[in-house]
Every structure is written in structure tokens, then in C-alpha cells.
Amino acid sequence: MTTPDPYSELIESVAEALVEIVGIDERKAFHQVRLSDRPGYGDLSLPLLRYTRTLNIKPDQLFESLKSKINSKTNLLSDHQLVRGYHNMYIDESKLALALSNTLREYGRLEPPKTRTPMVLVVEHTSANPIHPLHMGHARNTSLGDTLARLLKARGHRVNTRFYIDDVGRQMAVLALGVKLLGGDPLGMAKRLDMKPDKLLGYIYSITHLLLDIHKLTQSINDPAASEEEKLYYIRERDKLAARLVAVSQEAPGEIADKLIDAFSKLKETKEPEREVSEIMRSYENRLDEGIVSLIRETANASLKGFRETLSKLGVEFDNWDWESDLVWTGLVSKLIEEASKSPYVTVHKDALAIDLSPAMDEQEVREKIKIPKALEIPPLILVRSDGTTLYTTRDMAYTLYKFRQTGANKVVNVIGADQRLPQIQIRLALYLLGYKREALNTIHYAYEIVRLPGMRMSSRKGVFLGLDEVLDQTYNVALSRVEEKSPDLPLDEKEKVALKIAVGAIRYTMIATDPMRPIEYNVDRATNLDSNSGPYLQYTYARANGILRKAGEPDWDRIDYRAASDPTRRGLLIAAAQTPYYAAKAADDMEPVLLANHLLKLADRFNSWYQKDQVIREKEEETRNFKILLTIIVREALGMGLDLLGIPKTPRM
RNA sequence: GGGCCCGUAGCCCAGCCAGGACAGGGCACCGGCCUCCGGAGCCGGGGGUCCCGGGUUCAAAUCCCGGCGGGCCCGCCA
């Protein structure tokens with residue numbers, strides 16, 4: 001049983017009336033209903049001028065017929081006005097308050113209205129390579145993905161969240177080599193060094209990678225075929241990497257760096273390191289060597305243990321963890337390649353098996369549903385390397401099909417950086433041409449722009465990135481000192497819990513409150529910002545409402561003066577609170593969490609403003625006092641619902 | 001070279017997809033408010049060529065075309 005939502009029903013009534021009178025389609029009608037704060041503009045309004053011409057009707061005639069149609073569908077409106085071509089509607093605040101009061105009495109909470117078209121949805125997000133700790137780029141991915149999942153679930157869809165463990169491929173092989181050189185057992189190593197395993201592995205990966213690159217450059221420098229100019233370039237490059245190696249080595253714990261450098265030199269004497277990496281990669285992908293299999297699985301699992309720890313702080317959990325290697329080992333990938341090789345679109349590109357994607361560009365269906373840039377030349381997608389190993393895009397095609405098959409999903413949403421747009425388009429086009437049209441057209445690349453550090457780009461390969469754990473820690477410390485200052489009487493463990501909630505709120509809010517298409521430049525001040533445009537501000541306002549209610553106690557629900565809602569400040573606050581489920585539903589439908597975040601900010605502003613000038617507990621008149629308590633409850637429930645959906649932890653005190 | 005994305009006050013950002021009524025917030029800045037339900041707050045103030053130029057329209061920050069600036073992508077990496 002879903003809770004009814006008076007405000008959404010009101011919007012729906014207006015939209016339906018518009019559909020019936022003007023004859024536009026429903027989706028469009030919803031967009032035409034304007035919500036306004038400004039006095040004199042109506043609580044809701046419809047611009048009429050755009051219809052009067054096409055319908056050949058006078059504004060006042062249209063206004064009258066809309067008015068009576070709308071009134072036949074809802075009784076929540078008290079007045080309609082025609083002003084300069086706008087149909088302005090005013091909400092009957094007493095009736096709205098009563099309706100919300102009834103909802104809360106019956107269900108005890110607010111929630112977004114359920115969709116009329118529930119679907120099965122997969123949301124794949126985060127999916128960080130298990131070769132280094134999560135950084136702030138992942139924080140954006142995680143926050144968006146987890147929030148989307150929460151919103152869609154609340155909207156009535158069946159949502160399945162998945163994490164793709166990218167354990168096949170060169171990066172993982174490089175890390176495995178490093179771990180092998182250090183004698184294996186990454187988890188034990190982390191324990192001995194008292195360090196998060198993902199962090200330790202991050203160092204091992206960076207150092208190993210640098211050693212390989214330096215080695216390669218050294219070979220180029222010694223190559224007699226190289227010109228003097230080229231040699232100078234290589235030497236400069238090698239010096240840069242060497243400097244980085246020194247920096248990372250100093251930061252790395254224990255004797256890790258020394259041991260690695262030492263073991264790497266020994267390896268060089270007997271074997272070409274690059275060949276060792278390729279062998280690891282190939283024997284893992286083809287499952288030739290159980291020793292390598294357990295080395296890589298153990299290593300990846302150690303990283304994932306660290307990921308889980310961080311993610312659980314952020315309140316993020318996954319329904320499924322999918323190993324990329326399983327897709328290869330169970331034959332899903334090779335089966336797909338086999339199908340592709342029989343396809344009429346198969347071709348050879350640069351001597352490798354590939355699929356020619358250009359025919360898909362002619363399909364109108366494809367152009368419309370997969371957004372293909374008009375003049376984009378899509379290169380053929382290579383499916384298999386000439387050494388027989390597969391590429392990530394090929395495996396991702398198999399994974400896409402896997403996600404549909406495992407869940408019976410209607411749509412698969414993949415939260416992946418915008419920099420991967422082209423390969424993501426290629427994957428969908430290739431699936432389409434192989435006959436998986438439904439899957440191709442219902443796979444959504446939910447793209448977001450990068451998180452930059454001031455002046456530089458994060459690069460895990462170069463060991464340059466802002467770690468999520470570090471940002472969490474810093475924000476936590478700032479929050480803890482604020483809590484100590486503001487609530488000295490809380491017990492210490494309580495203060496710590498609250499400080500963590502604030503840190504999580506600050507980070508998650510920041511990550512979703514900017515349009516995903518806009519790059520974020522990140523400085524630490526911004527992460528630790530607890531001021532008015534922030535998650536903690538919302539948490540603070542929620543705590544404040546709870547503070548009032550703790551002291552005010554339960555209202556007598558049968559003795560509430562709903563007419564007290566007419567005071568303009570209370571009225572504005574009531575309406576804003578009532579809109580919350582509606583905005584949550586819209587945020588889910590449009591897949592734009594920021595819509596809800598912005599609305600909550602406005603609600604919090606209104607509440608704080610009201611709070612300042614209209615005393616609740618000290619109100620003498622009993623029925624008015626009951627109304628004010630009710631209003632506070634409504635606000636608390638609206639904020640609480642919103643915070644839950646955004647994954648920002650609630651705290652009754654802070 | 002080609003493609004995609006972004007360009008709104010000193011700074012950060014809503015609004016653009018679904019064109020309409022004075023372009024909204026926040027930070028910073030200036031001035032007020034704590035014997036008073038939680039001051040992480042509230043009230044007030046200054047600050048704008050909505051990147052530029054055309055076009056469509058009764059109406060353009062919003063749609064179209066052309067520029068400019070920045071980011072990203074164009075690999076048998078992921």
C-alpha cells in the first residue's frame with residue numbers, strides 16, 4: 001500500500017485538465033504546470049497564450065473551461081486568476097494541511113508517489129578497478145549511482161545494483177606482478193603494516209607501473225636505432241618518472257618500495273618484465289595457471305575489502321558483485337565473439353577481428369535512441385587482440401547482455417564517466433548489429449564529468465589523486481570539532497557517529513548537487529564546507545526540527561486549527577514541504593537527483609526562516625500550537641524522506 | 001583536424017531538454033539580530049553585456065546557424 005500524496009495528485013489534476021481541454025500529450029502537460037514562489041504569480045500556473053492562437057480561442061474562454069475542469073478534479077484550490085495570459089491557481093492551504101495531516105496520521109511518513117509504469121532496472125555503478133583506493137572521481141560515480149538507485153526504488157521500480165569487478169586486463173596483471181614480487185598474501189601484508197589493503201595495493205601498483213615504464217624507457221634510450229633527439233626525449237621522460245618513483249616510494253609504507261625495486265631488478269636479469277605481465281594476463285584470462293588465478297583473486301579481493309569498508313561508511317551497498325573474469329571463463333565472451341564472427345558486419349581492422357559499426361548509423365531507430373553525433377565517424381570496434389585476448393569493450397558487451405539476462409531488466413543504467421562516451425556508443429551499436437536490439441536501445445550510459453584537482457587531472461597511474469578515504473577523514477575531523485563545540489554534552493562515541501554522518505552528508509551532497517555534465521574542480525575546503533549550501537545544512541535543519549519536537553511533544557491531532565496555515569510564512573513553508581514527494585518523483589523520472597537536492601535546500605531555508613519569527617513551543621493558543629507542531633512534523637518528515645533518498649544520513653542531534 | 005560537453009555577478013552554481021510574467025540561490029563583501037524552541041541560523045544591502053554575432057517567434061538565458069574560450073574523446077588501454 002502506497003501513501004497518497006496530495007500535492008502530486010493536485011499537479012496531476014491540473015495536467016489532466018490541460019490534456020482534456022487543450023489536447024496536448026500528457027508528458028508535455030506535466031511540464032506546462034509551473035510552480036512558483038512569487039506572490040501574485042499563483043502557487044501553480046499555466047501559460048495560456050501558446051494555445052489561444054492555435055485553438056483560436058480567447059484567453060478568458062480557455063481560462064474558464066480549464067478552471068471548471070480543474071475544479072471538477074480537485075478541491076485543493078481556493079482561487080483561479082487570469083493575469084496577463086497566465087492561469088494562476090491558489091492552493092487552499094488549510095485543506096492541504098489537513099490532507100497531509102491525514103496522510104501522516106495514517107501512514108506515519110511521506111513518500112514519493114509510485115510510478116504507473118514500474119520497471120525492472122539495473123543500476124551499475126562505481127565499478128572501480130581494484131588496483132588502487134577509491135578517489136573523488138569514484139565518489140561522484142558512487143553518489144550519483146546510489147542516489148539514482150534509491151530514487152528509482154522509491155518510485156516503485158524494482159532496482160538491482162551491481163558492481164563490475166574489472167579483474168581481467170593489463171592493469172590487474174601489473175598489480176599482480178608487484179604483489180608476486182613481494183611474496184604474495186596482500187591481505188596479510190596489509191595487516192602487518194596496519195594499513196587499509198586497497199591503499200597498500202595502490203602503492204604497489206604505482207611503484208610497479210613506474211618500474212615497468214622506466215625500464216621500457218631505458219631500453220628505448222639504449223636502442224641503437226634511436227636518434228639523439230629521441231634519446232634526449234626519453235631521458236627527460238625517464239627522469240620525470242624516476243622523480244615520481246622517489247616521491248611514491250617515500251610515501252609507501254615499510255620497506256615496500258625497496259623490496260619491489262630490488263625484486264624487479266632481479267626479475268630483469270632473468271626475464272623481460274613486460275613478458276611476465278603478458279603471461280600473467282594471458283594465463284588468468286584463459287585460466288591456465290591456478291596459482292595466478294588465486295594470486296589475482298586474492299589481490300582483487302583484498303582491494304574490494306577496502307572498497308567495502310569505504311562504501312559502507314557512505315551507506316552504499318550492492319546487490320551483486322560481478323567478476324569480469326567469470327564472464328570470460330563461463331564462455332559468455334567467446335560465445336559473443338563466435339556470434340559476431342558469423343555476422344555480416346564482421347570485418348578485419350588493422351589485422352584484428354572487428355565489427356563495422358557504420359551500417360548501424362543508417363538506422364533511424366539507432367540515431368534517435370542512441371544519441372549519435374551527426375557527423376561522427378565511428379571506427380570499427382576491435383573485438384579480439386591479435387594475440388587472442390579480448391578487450392574490455394568486448395567483455396562489456398557480454399556483461400551488458402548478462403545484466404539483462406540475470407534480472408529480466410527493462411533498462412540497464414550504467415554510471416560511467418563521460419570520457420568513455422565513444423566506447424559506450426560503440427558497445428551499444430555493436431550489440432544492435434548483432435541482433436540485440438532491445439538490449440542496445442535500453443542500455444543507458446549515465447555519464448558524468450570528471451572531478452579535477454585544482455590545476456591537475458587525477459591519474460591513478462601516476463599516483464596523483466585525491467583519495468576518498470582521505471577526504472572522508474578530513475571532513476570528519478572538521479565535523480567532529482564542530483560537534484564538540486556545539487554539543488559538548490553528547491557522549492564521545494555519539495559525537496563520533498554524528499561527525500561521520502556529517503562527513504558523509506557533506507561529500508554525497510557535493511557530488512550530486514552539481515549537474516553531472518559539469519566538471520567539478522575539487523578543493524578540500526569545498527569538501528569540508530558545512531555551510532548553508534550543503535548536506536550538513538540539511539542535516540542541521542532536520543536536527544533542529546527534531547529538537548523542537550522533542551520539547552513540544554505530540555500534538556492533539558483532533559484539536560488542530562488548520563486555518564492557522566493562512567499566515568504567509570507558514571503557508572509558504574507548508575506548500576514547500578508538501579511539494580517534496582513530487583520533486584522526489586520528478587528527480588527519479590528525470591534521473592536528476594539535483595532536483596530533489598535543490599528543493600530540500602529551499603525547504604530548509606523556509607523552515608529556518610519561519611523558525612526565527614514564529615515560536616512553536618511558546619504558542620499560547622492550544623489549537624494554533626498544535627498546528628505549528630504539525631507543521632514542524634510535516635517539515636521533518638519531508639526533509640527526512642529527502643535525506644533518505646539522497647543517502648544523506650539523518651541525525652536527530654548534532 | 002573531427003566529435004561531444006560546458007560557458008549565467010569577484011568565486012561556485014540553479015534555470016536551458018519541455019521558449020513566456022522583474023534571470024534565482026550560495027560563498028565572499030557591508031550593516032543589523034544570541035538573558036529568546038538548536039546562531040551550522042535569521043533579517044537587510046550592494047553587485048549581471050545570461051561568452052559574442054546572426055536567425056526563428058507575439059515572446060529567446062532557453063530553440064536554430066556561425067564564431068570565441070575551456071574540458072573531454074578520437075588506442076589491438078580501461
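Quick note on labels: first sequence line is chain A, next is B, and so on, each numbered from 1. Predicted model only: the values in this text are computed from it and were never measured.
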Step-by-step salt bridge (charged side-chain N to carboxylate O under 4.0 Å, His left out) determination, A/E619 to A/K628 | CA-CA 8 Å; A/E619 171 62 49; A/K628 290 180 175 179; 2.7 Å; yes
Which nucleotide in the set B/C17, B/C73, B/G39 lies at the smallest distance from any side-chain heavy atom of A/L422?
->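 Nearest nucleotide to the side chain: B/C73.
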Which nucleotide, B/C37, B/G38, B/G26, lies nearest any side-chain atom of A/S532?
->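 For A/S532, the side-chain atoms sit closest to B/G26.
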Would you say the base of B/C76 and the side-chain of A/S386 have a donor-acceptor pair closer than 3.5 Å?
->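 A donor-acceptor contact between them is present.
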Heavy-atom check, side chain of A/L144 versus side chain of A/Y446, under 4.5 Å =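 Counting from C-beta outward, A/L144 and A/Y446 do come under 4.5 Å.
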Quick one: which protein N/O atoms are closer than 3.5 Å to N/O atoms of nucleotides 6-9 of chain B? Pair and distance per line, please.
| residue | atom | partner | partner atom | Å |
| --- | --- | --- | --- | --- |
| B/G7 | OP1 | A/R518 | NH2 | 3.1 |

Minimum-distance pair of heavy atoms, taken over all atoms of A/Y542 and A/T651 |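 So the minimum-distance heavy-atom pair works out to CD2-O, 3.6 Å.
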Has A/Y86 got its ring stacked on the base of B/A21, with centres under 5.5 Å and planes less than 30° apart?
->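 One would call A/Y86 stacked on the B/A21 base.
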When you compare [N] with [M], how far apart are their [atom1] atoms, in angstrom units rounded to a whole number?
N	M	atom1	answer
B/A9	B/G19	C1'	24 Å
B/G2	B/C63	C1'	25 Å
B/C29	B/C22	P	33 Å

Do A/T394 side-chain atoms and A/L383 backbone N/O form a donor-acceptor pair below 3.5 Å?
->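 Answer holds: yes.
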